[in-house]
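Sequential numbering from 1 along the given sequence is applied to the chain's residues.
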Amino acid sequence: MKYSSQNLNKYQIACLLIIVSMCTGTEFFGSYQPVRLLLIAFFLWFLPSMFKEVKNVSRPIWAGIGIFVIWLLYGFISLQWSPDPIVGLKSELIVMSIGFTALPLFSFLIKKIENPFDYIRKLCLLCFAIMALVSLFEITTSIHFASSEPSRVIGRHDVAVPHTSTTFGNVNDYGAFLMFLFPFLLWGVLEAKTVKQKYIYFTAFLLNISFILINGNRMGLLVIIIQMLCFLLLLKDRIKKEHIKKRYIILLLLLLIAFFFAPRKYNPFYAIRYRMATVLHSSDESSNERIKMIKSGINMLKDSHGMGIGAGGFEASVLQKNPDANIINPHNLFVEIFAQYGIGILLLLCSWLAYLFYYARHNAYLSSKARTTVYAIIVSFPLIGAMPSAFLGYTFLWVFLSIVAAIAAYKLPNTQSIKI
C-alpha cells in the first residue's frame with residue numbers, strides 16, 4: 001500500500017475534503033453543495049482505478065451497489081405515475097444518485113490509507129470541531145447562520161430558548177448529523193493512544209450531547225442512549241475488571257455540580273438545564289404530526305398496492321388530499337421510502353443493513369470497537385431517520401452510510417487477518 005506518513009496522499013485528501021465539506025450543511029449553495037461536487041469529482045477521478053480493483057470489492061459493497069441500482073431504476077420508472085415527477089427527479093433521484101457514488105468510492109479509498117479507521121475518526125472529530133465552534137457562537141449570541149426557526153419558542157407562554165442549527169437550518173436535521181458523528185467520537189475516546197487525545201474526544205463527546213440537550217431533541221436523546229448502550233455492552237467485562245480512573249469521576253462530579261448548582265451568571269450549562277426543564281412542559285404537537293404522517297404514508301402504500309406513489313410524490317399527495325395541511329413532509333425516512341418507492345425497496349434496504357451488521361460481526365479484520373461503531377449506527381438508524389422532515393435528498397446520509405458500509409466490509413487483499 002503506497003502511503004507516506006509525512007504527507008497526505010490523494011486518497012487521504014479525498015476523504016478529508018468530502019467529510020469536512022459536510023460542514024456546509026444543507027442550507028448553503030443550494031443544489032451545488034460542496035460535498036456533492038466533490039463526490040462527483042473524486043468518483044470520476046478514481047473510477048479507472050476502481051475498475052482495476054473490482055475483484056477486491058467485498059460482497060456487502062456489491063450488494064449495496066446492486067440494491068441502489070435497482071432503487072434508482074425503479075425510481076426513474078415510478079416518475080411515470082408520481083404526482084410530482086419534477087421534484088422526484090431533481091430533489092431525490094439525481095441527488096440520491098450522487099450520494100450513492102459514496103459507497104464504491106469510500107470502499108475504495110479506505111483500502112488505500114494506512115490506519116484508515118484512525119484517520120476517519122480524526123476527520124469526524126475535525127468535522128465536529130468546526131460545527132461545534134459555530135454551535136457555541138449561535139448559543140452564546142443567538143445569531144444564527146441559517147435557521148428555519150430563528151425565534152424558536154417552546155411552552156405555553158412562547159418562551160424563547162437557545163438553539164443551534166449551524167449550517168443545516170433546522171435543529172432536527174443538525175441533530176441527525178450529530179447522531180452519525182456520535183459513535184465515531186465514542187470510538188475515538190476508547191481508541192485514543194494518549195491521555196490528551198482521549199480528553200479531546202471526550203470533550204467532543206460531551207459537547208455533542210450538550211447540543212442535543214440544548215435543542216431539546218427527544219429523538220436525539222433516545223439515539224444517544226441506544227448508541228451508548230452498544231458501547232457499554234462492549235465494555236461490560238472491562239468495567240467489571242478495572243476501576244474507573246479517579247480523574248474521570250472528578251470530572252463528572254464537577255460537571256454535575258456546575259449543571260445543577262452554579263448560578264445562571266456563571267453557569268455555562270444554564271442553557272442546557274433550562275432547555276431540559278422547558279421541553280418537559282411543551283406540547284406534544286410534533287409527535288402527533290409525525291404519527292399523522294406515518295398513517296398518511298401507510299395509506300399511500302395501500303392505495304398504490306404496495307408499489308409506492310412514485311419518486312418525490314409524498315408532499316404532493318398530502319396536499320391533494322388536504323390542501324390546507326400545515327405539515328406535508330414524511331418526517332420519517334422509512335415512511336419516505338415505502339410510501340414513494342414501495343415495500344420492496346424498503347425491504348431491500350433493510351436487508352442490506354442487516355447484512356452489514358452480520359458481516360461486521362464475522363469480519364476478522366475488525367476490532368470489537370470498530371464492530372460496535374457499525375452496530376451503534378445500524379441499530380439506531382431507524383430513529384435517526386425519523387429526525388429530519390425529509391431525508392432522502394440529504395447527501396450526508398449516504399456519505400455516513402457508505403463509511404459505515406466500508407468499515408463493516410473492510411478487507412485487505414492478500415494479507416493476514418489483522419484487527420484494526
Side-chain angles (χ1 to χ4, degrees), residues 1-3 5 8-16 18-19 39 42-43 46-47 49-68 99-125 127 180-188 190-193 227 230-231 234 351-381 397-420:
M1 181 163 35
K2 296 180 180 179
Y3 171 80
S5 59
L8 294 177
N9 61 32
K10 58 185 178 181
Y11 310 111
Q12 291 173 298
I13 292 173
C15 286
L16 169 66
I18 291 172
I19 292 177
L39 280 176
F42 284 120
F43 179 78
F46 292 120
L47 188 59
S49 300
M50 287 190 281
F51 271 124
K52 291 179 182 178
E53 300 189 16
V54 70
K55 293 182 179 179
N56 296 325
V57 177
S58 301
R59 283 176 293 176
I61 303 301
W62 276 124
I65 292 173
I67 288 171
F68 290 149
F100 290 163
T101 62
L103 180 59
L105 182 59
F106 270 97
S107 67
F108 169 77
L109 293 175
I110 206 170
K111 296 177 182 178
K112 297 294 183 179
I113 300 172
E114 187 175 316
N115 298 323
F117 296 169
D118 180 62
Y119 188 65
I120 293 293
R121 287 195 304 270
K122 288 178 179 177
L123 292 184
C124 287
L125 176 65
C127 186
F180 277 122
L181 285 173
F182 191 68
F184 290 95
L185 301 179
L186 267 171
W187 189 9
L190 298 175
E191 289 279 18
K193 303 301 182 183
Q227 292 181 346
C230 290
F231 280 90
L234 167 68
S351 299
W352 182 60
L353 293 173
Y355 186 33
L356 289 178
F357 189 100
Y358 174 84
Y359 198 91
R361 184 179 179 185
H362 295 87
N363 190 345
Y365 292 88
L366 301 184
S367 67
S368 58
K369 300 178 186 68
R371 290 194 192 96
T372 304
T373 301
V374 173
Y375 299 163
I377 291 179
I378 291 178
V379 170
S380 62
F381 183 65
L397 161 68
W398 307 115
V399 172
F400 277 118
L401 275 186
S402 298
I403 292 173
V404 170
I407 293 172
Y410 182 80
K411 184 178 181 181
L412 283 175
N414 303 321
T415 59
Q416 295 179 349
S417 175
I418 302 175
K419 293 183 179 181
I420 64 173

Would the distance check show the side chain of [X] and the main-chain N or O of [Y] forming a donor-acceptor pair, the cut-off being under 3.5 Å?
{"X": "Lys111", "Y": "Asn56", "value": "yes"}
{"X": "Arg371", "Y": "Asn363", "value": "yes"}
{"X": "Ser58", "Y": "Ala409", "value": "yes"}

Would you give the length of the straight line joining atom [atom1] of [X] to atom [atom2] of [Y], rounded to the nearest 0.5 angstrom?
{"X": "Phe117", "Y": "Glu191", "atom1": "CZ", "atom2": "CD", "answer": "10.0 Å"}
{"X": "Thr373", "Y": "Leu186", "atom1": "OG1", "atom2": "CG", "answer": "8.0 Å"}
{"X": "Tyr359", "Y": "Ile407", "atom1": "OH", "atom2": "CD1", "answer": "14.5 Å"}
{"X": "Leu39", "Y": "Phe100", "atom1": "CG", "atom2": "CZ", "answer": "12.5 Å"}
{"X": "Leu8", "Y": "Ile113", "atom1": "CG", "atom2": "CD1", "answer": "9.5 Å"}
{"X": "Gln12", "Y": "Ile120", "atom1": "CD", "atom2": "CD1", "answer": "10.0 Å"}

Discussion item. For a side chain to side chain contact (heavy atoms under 4.5 Å, CB included) check, start with the C-alpha distance between Leu123 and Ile18, then their side-chain angles and the critical distance, and finish with the verdict.
Written reply: CA-CA 10 Å; Leu123 292 184; Ile18 291 172; over 6 Å; no
Of all the heavy-atom pairs spanning [X] and [Y], show the shortest one and how long it is.
{"X": "Pro104", "Y": "Phe43", "value": "CG-CE1, 3.9 Å"}
{"X": "Tyr11", "Y": "Phe108", "value": "CE2-CE2, 3.8 Å"}
{"X": "Ser380", "Y": "Gln227", "value": "OG-NE2, 3.0 Å"}
{"X": "Pro60", "Y": "Leu356", "value": "CB-CD2, 3.7 Å"}
{"X": "Phe231", "Y": "Pro183", "value": "CZ-O, 3.7 Å"}
{"X": "Trp398", "Y": "Gly99", "value": "CB-O, 3.5 Å"}

Worksheet item: What orientation do Tyr355 and Tyr358 show, parallel under 30°, tilted 30 to 60°, or perpendicular over 60°?
Response: parallel
Worksheet item: Would you call Ile110 and Tyr119 a side-chain contact if the rule is heavy atoms closer than 4.5 Å?
Response: no
Discussion item. Side chain to side chain contact (heavy atoms under 4.5 Å, CB included), that's the test. Do Val57 and Glu53 meet it? Break it down for me.
Written reply: CA-CA 7 Å; Val57 177; Glu53 300 189 16; over 6 Å; no
Discussion item. Taking side-chain contact (heavy atoms from CB on, under 4.5 Å) as the criterion, tell me which of Leu105, Ile403, Leu109 meets it with Cys15.
Written reply: Leu109
Worksheet entry | side chain to side chain contact (heavy atoms under 4.5 Å, CB included) between Phe180 and Val404, intermediate numbers included | CA-CA 10 Å; Phe180 277 122; Val404 170; 5.9 Å; no
Worksheet entry | Step-by-step side chain to side chain contact (heavy atoms under 4.5 Å, CB included) determination, Val399 to Phe106 | CA-CA 8 Å; Val399 172; Phe106 270 97; 4.0 Å; yes
